[in-house]
Amino acid sequence: SDDVRRQKVENYMAEMRFSAATARKIQDVFISEMNKGIHQQPSSLQMENTYVPELLDGTEEGLYLALDLGGTNFRVLLLELAHGAPIRQEVQRYYIGSELRVGSAIPLFDYLAECVSDFVISQGLQDVELPLGFTFSFPMIQHSLDVGILVTWTKTFNCPDAVNKDVVRLLREALDRRGDTKVKVVAVLNDTTGTLVQASTLDHNTAIGLILGTGSNACYLERADRVEHWEPERHGEREVIIDIEWGAFGDNGVLDFIKTDFDRENDANSLIANSFTFEKYIAGKYLGEVVRVILAKLTKEGLLFVGESTSDSLLTPGNLTTDLISHIEQDSVDGGVSNTKEILGKFGIIPDEDDIRIVQYVCEVASNRATLLVSICLASLLDRIDKEQVTIAVDGSLYKHHPRLENWMKQYISLLAPGRKFKLIHAEDGSGKGAALVSAIAQRLK
Ligand code: ADP
C-alpha cells in the first residue's frame, strides 16, 4: 500500500535527518577544525587570513575600481564613495572566450588588463590614479592584502602556469605592459570577503559573510590576537576577516559519520572526487544532484514511478538542477503539485499523487539537511564572535531563490545558538562593490 511505500522511503532517508546528538557532533567537529586551522595545525578548514583588518570608517572618499573574476560574469566596476558609502557605480561586463580560459596565463591576464583599460578610458579616467580591488574567486593563499598565490584553478579556468604564482603580480605586470592607465592594484580578495565588507555599509553589525550559490563559503571578523598566521608586520590590528574556506570542510574524513550512500554516489559523479565534501552537501552545484541520486535509487527499488517506464533522463547525472528543487519546494510551501508535475513531465514521467508527495519529501529532506548543516556552522561562528548583535550577510542564488532556506536558517540558528542576537540580510554584489570598498580600506591604511 501507499503507507508501506512511504514508510520504506522514510527508512531510506533516515540517515539524512540528523538527531540532536548528531547535530551537536557536527558542531563539535566544526569548532575543532576551526581551532586547528587557525593554529596552523592540519585541518580541512584553511582559515585564511585575508589581511582585511577593519571595515569602512566613514572617511573614504573618491573613485575606486574593482575587477571581478571567477563568478558567473567577468566585470570591471567603478565605485564613487562619499563618507565611506557608495554614491555612484558604473559597471561593464566583459566576455572571456574559452581559448583564454585554458592555456598560458599571459594572454588571459593581458586580456584582463585590456578590459580594465578599456573601461577606465571609456570613463575618461586614464590620467587619474585609481586603486583597484581584485576579486579572485579561486583558492589562493594570501601573504598580505595584495599578494595572493593561486592554489588551483576551478570552474572553467585552467592556465597551469599561473598556479603557485601571485595573481596580483600577474595583473600588475599585464597593466604595466599596456601602460595606458594609472590603475594601482592594492588588494586581492574573494567574493565571500567582498560580501561581508559590502554588507557592512548597509548594516554596521555585519560580522559574517556567507555565499550560497554555485559553491559555498563563509568568512567572519576574528579577533586579531587569535590569528597565528600573519606574515607582514602587525600594526596593532584588533580584528581581521578570516576566510574559512568551508567548502572543503570534511575533506580529511572528519565528517564521514554523516556521509550516506547517496553522498558517495554524488561524490563519484562529481568532477573531483573526495574534495569539497561540505559543498557537496549544501551548494547549488550539487543539491539537485543529491536529490536526483535519491530519486534514481527509489525508482530502481520500485518505490517511485511504479508502472512508469523508467526515465533515462532522470537516471543521468547532472540532469536535475538545483533551481528545480526550489520550484518543487515552492509546491510544498503552497500545498500544491503543479511545479512538481511539470518538472517530472519534462523528464517524461507522469507521476501519481503518491509519487508527487515522495518527490516533494525528498526535496524537503535534502534542502533541510543542507540548511541545518549551514546553520550549525553559523551558530558556532556566533558563539565564537561573541558580539552583542551580529548580522550575517548572505549572497548567492540558492539563498535568494530557495523558498524555505531563509526561514529554516532563522529557526535553526536560534535553536543552536540560544540567546545570541543575529540577523540575516541579503547582500548582493559583494564580489563587485565589495572589492572596490576593500581597495578604499587598503588605500586608507597605507
Ligand atoms: P555564482 O555562485 O556562480 O557566482 P549564483 O549565486 O547565481 O552564482 O549561483 C548559481 C547557482 O545557484 C547554480 O549552481 C544554480 O544551481 C543555483 N540556482 C540558480 N537558480 C536557483 C534557484 N531558483 N533555486 C536554487 N538554486 C538556484
Side-chain angles (χ1 to χ4, degrees), residues 66-75 77 91 93-96 101 135-139 153-157 189-196 198-199 209-219 243 245-247 266 269-272 276 278-293 317-334 339-340 342-343 346 359-360 362-371 373-374 393-409 424-435:
L67 184 66
D68 178 12
L69 182 73
T72 307
N73 293 295
F74 165 57
R75 303 171 305 167
L77 184 137
V91 192
R93 285 168 209 276
Y94 292 91
Y95 173 75
I96 304 183
R101 279 183 255 133
T135 301
F136 186 76
S137 297
F138 298 92
W153 290 102
T154 57
K155 307 170 207 182
T156 54
F157 287 82
L189 60 146
N190 70 19
D191 50 355
T192 319
T193 303
T195 297
L196 197 168
Q198 140 72 0
L210 168 65
I211 302 286
L212 285 170
T214 305
S216 180
N217 187 20
C219 67
D243 169 19
E245 289 294 321
W246 81 19
N266 176 32
N269 293 341
S270 69
L271 276 180
I272 316 168
F276 296 100
F278 195 56
E279 210 160 83
K280 284 172 186 166
Y281 292 110
I282 58 179
K285 189 169 177 197
Y286 303 102
L287 193 56
E289 178 64 10
V290 172
V291 170
R292 192 202 63 78
V293 166
N319 272 5
L320 189 68
T321 49
T322 301
D323 52 319
L324 302 178
I325 309 306
S326 285
H327 295 314
I328 294 171
E329 283 281 78
Q330 188 61 51
D331 272 354
S332 296
V333 171
D334 301 339
N339 292 352
T340 314
E342 190 189 322
I343 289 163
K346 287 192 180 142
V359 170
Q360 290 179 347
V362 172
C363 289
E364 171 173 339
V365 172
S367 301
N368 190 266
R369 182 180 69 159
T371 314
L373 285 169
V374 169
V394 199
D395 196 7
S397 290
L398 175 58
Y399 179 79
K400 189 171 165 186
H401 297 300
H402 192 292
R404 308 172 94 173
L405 227 85
E406 183 183 349
N407 277 328
W408 279 342
M409 277 170 72
L424 291 167
I425 63 168
H426 179 214
E428 274 179 303
D429 199 20
S431 60
K433 275 188 204 159

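Model, not experiment: these values are computed from the prediction. Counting starts at 1 for both ligands and their atoms, in listed order.
- With sequence neighbours left out, the side chain to side chain contact (heavy atoms under 4.5 Å, CB included) criterion links Ser270 to Asp267, Lys280, Tyr286.
- Protein residues having a heavy atom under 4.0 Å from any atom of ligand 1 are Thr72, Gly213, Thr214, Gly284, Lys285, Thr322, Asp323, Ser326, Gly396, Ser397, Leu398, His401, listed by chain and number.
- Evaluated for a ring-ring contact (aromatic ring centres under 6.0 Å, His included) with Phe136, the options Phe157, Phe74, Trp153 yield exactly one hit, Trp153.
- A donor-acceptor contact closer than 3.5 angstrom links the side chains of Thr340 and Gln360.
- Among residue pairs with one or both ends in residues 317-333, those qualifying as salt bridge (charged side-chain N to carboxylate O under 4.0 Å, His left out) are Glu329-Arg404; sequence neighbours excluded.
- Each of Thr195, Thr192, Thr193 was checked for a side-chain hydrogen bond (donor to acceptor under 3.5 Å, both in side chains) with Asn217, and the lone residue meeting it is Thr192.
- Evaluation of the salt bridge (charged side-chain N to carboxylate O under 4.0 Å, His left out) test over residues 424-433, restricted to residues two or more places apart or in two chains, returns Arg75-Asp429, Lys400-Glu428.
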